[in-house]
2 protein chains.
Amino acid sequence: MTPDERLERYARLAVEVAVNLQPGQFLRINAEPEHLPLVRAIGRIAYERGARYVETQYRDVHLRRARVQHAPDESLDWSPPWTLALVDHMVETRGATIQITGESEPELLADVDQRRAQRMRPRLATERLLDAENRRLIQWTIVGYPNEGWARAVFGEPDVERLWDAVITATRLDEPDPIAAWHAHLERLQARAATLDERRFDAIHFRGPGTDLHVGLCDRHRWLTAAEVSVDGVPHVVNVPTEEVFTTPDRRRTEGTVRSTFPLAFGGTIVRGLELRLEAGRVVEVRADVGAEAVRAEMATDEGASYIGEVALVDGDSRVRKTGIVFLDTLFDENAACHVAWGQGIPTALDGGEEMTAEELADCGYNESVVHTDFMVGGPDVSVLGVEPGGAEVPIIADDAWLLS
Amino acid sequence: MTPDERLERYARLAVEVAVNLQPGQFLRINAEPEHLPLVRAIGRIAYERGARYVETQYRDVHLRRARVQHAPDESLDWSPPWTLALVDHMVETRGATIQITGESEPELLADVDQRRAQRMRPRLATERLLDAENRRLIQWTIVGYPNEGWARAVFGEPDVERLWDAVITATRLDEPDPIAAWHAHLERLQARAATLDERRFDAIHFRGPGTDLHVGLCDRHRWLTAAEVSVDGVPHVVNVPTEEVFTTPDRRRTEGTVRSTFPLAFGGTIVRGLELRLEAGRVVEVRADVGAEAVRAEMATDEGASYIGEVALVDGDSRVRKTGIVFLDTLFDENAACHVAWGQGIPTALDGGEEMTAEELADCGYNESVVHTDFMVGGPDVSVLGVEPGGAEVPIIADDAWLLS
C-alpha cells in the first residue's frame with residue numbers, strides 16, 4: 001500500500017463502516033490540526049457519499065495549555081453557544097460524528113494545575129453529546145491518526161511508519177477485504193456478548209498482581225459490543241479498532257483494589273502505575289507513580305466521577321494486543337486488555353435502559369457523570385471470573401485466553 | 001531574527017496593535033490549517049493578555065472543493081447555526097476577530113463550476129459579520145501568514161523564507177520598534193485622508209493604459225484609513241499591512257473602463273488580465289485572460305455585486321509595492337496600488353453614515369452587497385486625479401508619486 005492508498009482505505013473504513021454515513025447526513029469531525037490529512041480524506045469521501053455538510057471542529061492542546069494557564073477560573077467549564085449549536089444541529093438532524101485521536105502532545109498539560117485542567121471541559125455540551133450517544137440519536141465513532149507527536153510518545157522517536165504498521169494491524173486494514181473482515185470480527189464479538197448474556201453473572205471478578213476487584217452487575221445488565229444501531233436503524237461501529245465486550249456495572253457494588261496494567265494518557269498527561277481502592281462502589285484511594293493528581297482532579301468533577309461506569313473484557317487474541325505496542329491512546333490500549341472506566345455508565349447496557357427514568361436507572365445502580373475514563377486492568381497475569389448469583393466463580397479469561405463458551 | 005522571534009513579533013503586532021485585544025475579550029481567529037503556527041502564537045499571546053476565550057474557526061479549501069463538487073445546490077449558501085452563534089457571540093460581547101490570509105492553494109477551485117463556487121458562502125453569517133464591522137461593534141483585522149503553498153503560488157517554488165522577507169518589509173517588522181513605526185505610519189496616512197477630505201472632490205479619475213474611469217463621490221463622503229476605533233473606543237488597524245486611504249463611492253456615478261494592473265486571487269481561482277466596462281455605475285462587461293467566469297459568477301451574487309463599493313489610493317512609496325512582489329493575496333496587493341472594489345460599500349466613509357437609514361444611505365449612492373472584492377487599478381502608468389465639483393481636475397498621484405498636499 002502506498003501512503004495515499006493507505007489513507008484512502010483507512011478513511012473509507014471510517015466513513016463507510018465505522019460511522020456508516022448516509023446520503024444527506026450532516027457529519028461533524030472532531031480532530032487535532034495534526035490530523036489534517038485524515039480529516040481531508042474523510043471529508044472528501046463523505047461529500048462523495050452525499051453528505052449534506054461536513055464541519056471540522058479542531059481541538060488544539062497548545063491553545064488549551066495557554067487557556068488553562070491564563071483564563072478566568074469560572075470560564076473553564078463554559079460551553080460556547082456555537083459548540084452547543086453544533087451538537088444540537090447534529091442531534092436534531094440525526095447526524096454523525098467522527099472523532100480522531102492519536103494525540104500529538106499527550107503530555108503537554110502534565111505540568112499545569114490539574115484541578116484547572118480537569119475543570120476545563122465544555123460541561124453542558126459534553127452532557128448533551130453523551131446523552132445523544134446514549135440515546136443512539138446519532139451515529140458516532142472514534143478512529144486514530146498516526147502522527148509524529150503520537151509516534152514520539154510511543155516509540156521515543158517520530159517513527160510514523162512504524163505506528164502506521166501497528167494501526168494497520170489493529171484495524172485489520174491488512175486484510176484483503178477489510179470491510180468483510182470487520183463484519184466477521186464483529187460477529188465473533190457479538191457471539192461472546194450473547195454467551196455472557198445467557199450466563200446472567202452477578203459480578204465480574206478480576207484477580208491478579210495488585211488487583212482483587214469485584215464489579216457488581218444489575219440483573220438487567222446486558223453485554224454489548226462496539227457494533228451499534230442508531231434509533232433510525234443505521235448500524236455503525238463506535239470504536240475502530242474494537243476488541244471488547246462490555247456492560248455497565250451496578251455502581252454500588254464495586255469493591256476491592258485494582259492496579260492498572262497500562263499507562264493511561266488522558267487530559268494532556270500520562271498516568272503511570274495507577275492503583276485504586278474502592279469501597280461500596282466509590283474510589284476512596286488513588287495512588288500512582290506519576291499523575292495521581294490528574295486522576296483525583298477528574299474524579300472531583302462530579303459525584304459519579306469516582307464510581308465505575310463500565311466493565312469490558314478483552315482477551316490476548318486481540319489484534320491490538322498482538323501489535324505488542326502500548327499506544328498511550330485509550331482507543332487502542334483499551335482494546336488490548338480488559339478495562340473498567342470511572343464516570344458515566346451506559347444506559348443501553350441495561351435491558352430497556354434507553355426508556356428508563358433517572359429513578360429506574362438509579363435502581364439498577366447506573367452511574368451518571370460527565371466524565372468517562374477507561375483504564376486497563378487486564379493482561380496475561382490477570383484472571384477474569386464470572387460470579388454467579390449463588391457465589392460460584394466461572395473462568396471467563398485465564399492466561400490471556402477466552403474460556404467461556 | 002530567528003524564526004521563533006519573527007513569529008512572536010508578528011503575532012504581537014497582530015494582537016497588540018492590529019486587533020488591540022483588551023483584557024476579558026473574546027477572540028475569534030479565522031485561518032487555514034496551514035496557518036497553525038501563527039494561530040498558536042496569537043492564541044497564546046491573547047490568553048496572556050487576558051482573553052476570556054479564543055476560538056479558531058478553520059476554513060479548508062480542500063473540503064470546500066469536495067463540497068462544491070458534490071453538495072446539494074440549495075445548501076451552498078447555508079449559514080450553519082453554529083457559525084451564526086459564533087458571530088452573534090462576538091458581536092454581543094463586543095469581541096474581536098483576526099483573519100489570517102495567505103491562501104495555501106489559491107487556485108484549487110479554478111476548475112470547478114464557478115457559479116456554484118461563488119454561491120458557496122454562508123450568506124446570512126457573512127451579512128451579520130459585515131454589518132458588525134461596519135457598525136464598528138467588534139475589533140477586527142487581517143494579517144497574512146507565509147506558508148509553502150502561498151510561496152509556491154508567488155514564486156513558483158515553496159520559498160517560504162523569501163516570502164517572510166517580503167512580509168517583514170511590508171509589515172514594518174524590520175523596524176527597531178515596529179509598534180512605534182506603525183503609529184507614525186498611520187499618522188501619515190491619516191494626514192493624507194484629512195487633505196483629501198478638505199478638497200471635497202466630486203469624483204476620482206483614473207487614467208492609464210486600458211483605464212479611463214470616473215468614480216463619483218457623494219458630497220458626504222469622507223476618506224478613511226485602516227486605523228479604526230470601535231464604538232467602545234478601542235483603536236485597531238483593520239488590515240496589516242495597510243498603505244491606503246479610501247472612501248465609498250456614489251455607486252450610480254462610476255463610468256468608463258478599467259484594466260486591472262495585478263492578477264487577482266479570490267474564491268480559489270486567480271483572475272488575470274481583468275477588464276471591466278461600467279455604465280451608470282454598473283459593470284456591464286467583464287473580460288479577462290483567465291477567470292472571467294469567476295468574476296461574472298460573483299457579480300451575480302446580488303444586485304450590488306456589480307456596482308463599486310470602494311475606491312482607495314496608494315502611491316509608489318508603499319512598503320508593499322517596494323517589495324517588488326505580486327503577492328496574489330488581496331491584503332498585500334491592494335496595498336501596493338490604487339484599487340476599487342465591487343460589492344459592499346463602507347457606511348463609515350459617509351459623514352453620519354453609521355446612523356443613516358437604508359434610504360439615507362441609498363440617497364448617497366451607498367452600495368449594499370454581501371460580497372466585497374478589491375482589484376488593483378493603480379501603478380506607475382496610471383494617473384489619479386481629483387475632480388472638483390466644477391469639473392477641474394487636480395493631480396493626486398502621477399508617476400507613482402503622491403502630489404496632493
Side-chain angles (χ1 to χ4, degrees), chain A residues 23-24 26-29 31-37 39-72 74-76 78-90 92-93 104-105 120 122 125, chain B residues 23-24 26-29 31-37 39-72 74-76 78-90 92-93 104-105 120 122 125:
Chain A
F26 167 71
L27 175 65
R28 163 189 178 260
I29 305 171
E32 282 194 272
E34 282 76 4
H35 305 149
L36 184 61
V39 168
R40 286 182 172 162
I42 285 174
R44 178 176 44 73
I45 291 166
Y47 277 121
E48 285 169 4
R49 266 175 85 91
R52 184 169 179 84
Y53 195 88
V54 178
E55 177 73 27
T56 313
Q57 213 181 8
Y58 284 101
R59 59 186 194 277
D60 187 332
V61 69
H62 290 265
L63 288 190
R64 286 177 63 78
R65 181 176 170 83
R67 186 174 171 222
V68 77
Q69 289 175 320
H70 301 290
E74 90 285 357
S75 75
L76 293 176
W78 181 59
S79 290
W82 53 94
T83 305
L84 293 171
L86 180 57
V87 171
D88 290 347
H89 177 79
M90 181 164 56
E92 283 160 18
T93 66
S104 61
E105 299 266 11
M120 186 171 58
Chain B
F26 167 71
L27 175 65
R28 163 189 179 259
I29 305 171
E32 281 194 90
E34 282 76 3
H35 305 149
L36 184 61
V39 169
R40 286 181 172 161
I42 285 174
R44 177 175 46 73
I45 291 166
Y47 277 121
E48 285 169 6
R49 265 176 86 91
R52 184 169 180 82
Y53 195 88
V54 179
E55 177 73 28
T56 314
Q57 213 182 7
Y58 284 101
R59 59 186 193 277
D60 187 332
V61 68
H62 289 266
L63 288 190
R64 286 178 61 80
R65 182 178 169 83
R67 185 174 172 223
V68 77
Q69 289 176 320
H70 300 290
E74 89 286 356
S75 75
L76 293 176
W78 181 59
S79 290
W82 55 94
T83 305
L84 293 171
L86 180 57
V87 171
D88 290 348
H89 177 78
M90 181 163 58
E92 282 159 18
T93 66
S104 62
E105 298 266 11
M120 186 172 57

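First the proteins, then the strands, lettered A, B, ... as listed; each starts at 1.
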Is chain B contacted by the side chain of Glu92(A), its backbone, both, or neither, given a heavy-atom distance below 4.5 Å?
-> neither

With only heavy atoms counted, which part of Thr56(A) is less than 4.5 Å from chain B, the side chain, the backbone, both or neither?
-> side chain

CG of Leu63(A) to CZ of Arg44(B), rounded to nearest 0.5 Å, is 10.0 Å

Option in Trp78(B), Tyr58(B), Tyr47(B) with maximal non-hydrogen atom pairs under 4.5 Å from chain A = Tyr47(B)

Nearest heavy-atom approach of Pro72(A) to Ala51(B) is CD-O, 4.3 Å

Got Asp60(B) and Arg40(A) here, is their nearest side-chain heavy-atom distance under 4.5 Å?
-> yes

NE2-CZ distance between His70(A) and Arg52(B), expressed to the nearest 0.5 angstrom | 16.0 Å

Any Pro80(A) side-chain heavy atom under 4.5 Å of Tyr53(B) side chain = yes

Which atoms of Pro81(B) approach chain A - backbone, side chain, both or neither, heavy atom under 4.5 Å | both

Nearest-0.5 Å distance that lies between atom CD in Gln57(B) and atom CD in Gln57(A) = 10.5 Å

Contact summary for Ala85(B) and Ala85(A), nearest pair of heavy atoms | CB-CB, 4.2 Å

Leu36(B) portion near chain A, given a 4.5 angstrom heavy-atom threshold | side chain

